[in-house]
Amino acid sequence: MSTLRRLISFLRPFSGQVFLSILLSFGTVASGVGLLGTSAFLIASAALRPSIAELQVAIVGVRFFGIVRGLLRYLERLVSHDVNLRLLAGLRVWLYRAIEPLAPAGLEMEQGGDLLHRMVGELETLENFFVRVVSPVLNAGLVTLGISWFCGRMAPVLGWVAAMGMFLTGVLVPAVQIRLSRNAGRRWIESRSQLNAFTTQVVQGMNDWIMFGRVEKAQAHFHRMNRTLSQTQVHMAKVQALGGSAGLWGSGLTVWFLLLLGGQLVLRGEISGVDLAVLSLMVMASFEAVTPLHQAAAQFEATLQAGRRIFEWVDRPNEAPDPKGAVPSLSSPIHVRFEGVTLIYPGRTEPALQDFWMDLPSGKRVALVGESGAGKSTVGQVLMRFRLPYSGQVRVNGWNLRDLRGEDLRTHLAVVSQQTYLFSGTLRENLLLAVPQASEEELLKVLERVQLQPLLRRLPKGLDTWLGAQGEMLSGGERQRIALARALLKPASFWLLDEPVSGLDAETARTILRMLWGLAGSRSVLYITHFLAELEEFDEILVLQRGRVIERGKHADLLQAGGWYAQAWQLQRSLLDEGELLR
Ligand SMILES: Nc1ncnc2c1ncn2[C@@H]1O[C@H](COP(=O)(O)OP(=O)(O)OP(=O)(O)O)[C@@H](O)[C@H]1O
């Protein structure tokens, strides 16, 4: 129920329009009822051959209800769809705002396709929440009360028949329907989500699927998933069709009972035959408000499922929540100090970092090296404030990291990571991501600094050339250089470089690193790497092993100490061209 309550709370900002829309829905059905009622009166009375004057009011009534009904229906659609679109827009903004602070730590367990699907698919399911669920239910309630009261005024027993008929058709039939489609609704949402996630994965990793000859397996899996989805849809459609026909039976039986009991009242002279004709047709018309409830029932379960999945996702604890209230403002350049930091990832028992100390005043260059899984990138995660220390603290310009807002801190950082993400856009758009207001001149200058002029000359439309999905029309080295260009464009005093040359051949890697150190100027640098080259000029090198610093010092000191660094350096040296590449 709390899911339903939360969903309904999204309608609160539009309560005026919601009220108006329900009033218009009620008015539309009421005029339909009026139209059939006056028509019935006209036909039944005409059979008794009255004077034309006696029928005048009914004739005007028929015209009036006929015109008003169309008008009200139009207005009702206008208002209810307006509410729906506003609701959808509000939900989208709300969802984005809710998940953005969770990124990246809170979202890494999500499959990419699932994440995208929830953003799009579940919200689309919720889109119909007002028009198909809330509005019909409230309208049916109002119409049932109205028509039962009207019939009850003529003869209480007829009021009860109308009320019972509409209640059973409007509540019992949908309740059975919800029961029958409960599992199917859940299965439908789940299998749709799995299918979407799988499709995204296959499309993204198409090259690998083809390379490993797995395309047929993927197709077979895709067909299986599709079949499950279709089966659930067929089941839901059957239940819905059953609901539709039960609704028709409900309306037919109610009118039949009404005629049966009303006929006796006519025979006893308690009501006239004309009254009975009018009431029967009015009740029949009132079912217009009740029969759509079987669709509402079908939608209801899917809506609840979609709502549940979205809420369960956004309700995850935020691992690095921003502080509430006033936050200290950071001035550039920044001075970062890790003081005895320990970090344990959720679900892990072993700490990824243990009692980690590092001082990075403005202009200092520190390299973090160590074998895979040693905890190097974790230091970067903490520095970007994506995760907070379990114990110990990080100070930035003397402020505790916990008291700073992540976004404020990150404006001082330029980050180049091993996975450079290029958007499916032009070279210009990809560069402007760093500084949207950068001028053409600045863009050309930065491309020159990262030695990308040959690429620029080659591109048919220069800066406005489309780079393909995720920059697939570029080589790895070119992509890394674009990432460096972005970092250079950003007026940040601190560079966080996490394996910026991974995946490149040693020669290109060295060229890029030399270029980087030449361009770094007075910036502070935290360089995370496996590649033990071009580290001679670093102020400090920290060697991490299982989250602990086991060696620290300058390149020459560490070589002399003959520990892990010296051995790893020697090994890499012998592996790479007998010392040619690692001087
Ligand atoms: N999101 C996560 N959840 C749980 N454990 C994690 C997570 N990220 C990293 N770890 C674990 O924390 C430890 C340190 O990982 P980290 O990525 O910092 O190592 P690394 O030195 O950067 O490794 P590499 O050089 O391979 O990138 C590893 O044991 C890793 O399995």
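Please read these numbers as outputs of a predicted model, since none were measured by experiment. Start at 1 and go down the list; that is how both ligands and their atoms are numbered. The figures that follow rest on heavy atoms only: side chains count, while hydrogens, waters and symmetry mates do not.
- Within ligand 1, counting atoms from 1 as listed, the ones closer than 4.0 Å to a heavy atom of Arg387 are 1 (N).
- Look at Arg458 and Glu478 and you find a salt bridge, because one of the NZ, NE, NH1 or NH2 atoms lies within 4.0 Å of a carboxylate O, short of that distance.
- Residue Gly373 holds the heavy atom nearest to atom 14 (C) of ligand 1 of all those in Pro351, Pro346, Gly373.
- Listed by chain and residue number, nothing satisfies the salt bridge (charged side-chain N to carboxylate O under 4.0 Å, His left out) test with Asp539 (two or more places apart in sequence, or in another chain).
- Taking every heavy atom of His530 and a limit of under 4.0 angstrom, the matching atoms of ligand 1 come to 25 (O).
- Proximity of Arg348 to ligand 1, defined as any heavy-atom pair under 4.0 Å, is confined to the side chain (atoms from C-beta onward).
- The shortest non-hydrogen separation linking His335 to Asp359 is NE2-OD1, 2.7 Å.
- Figure legend: Arg192 and Trp188 shown as a cation-pi pair, the cationic atom lying under 6.0 angstrom from the six-membered ring centre and within 45 degrees of its axis.
- In this structure, Gly375 is part of the shell of residues with a heavy atom less than 4.0 angstrom from ligand 1.
- Nearest residue to atom 18 (O) of ligand 1 from Val379, Leu343, Thr378, Ile344 is Thr378 (criterion: closest heavy atom).
- Between the side chain of Arg385 and the main chain of Leu404, a donor-acceptor pair closer than 3.5 Å is present.
- Interface atoms of ligand 1 facing Ala352, defined by a heavy-atom separation under 4.0 Å, are 12 (O), 13 (C).
- Taking every non-hydrogen atom of Ser377 and a distance limit under 4.0 Å, the qualifying atoms of ligand 1 come out as 17 (O), 18 (O), 20 (P), 22 (O), 27 (O).
- Remark: Glu499 engages no residue in a salt bridge (charged side-chain N to carboxylate O under 4.0 Å, His left out) (not counting sequence neighbours).
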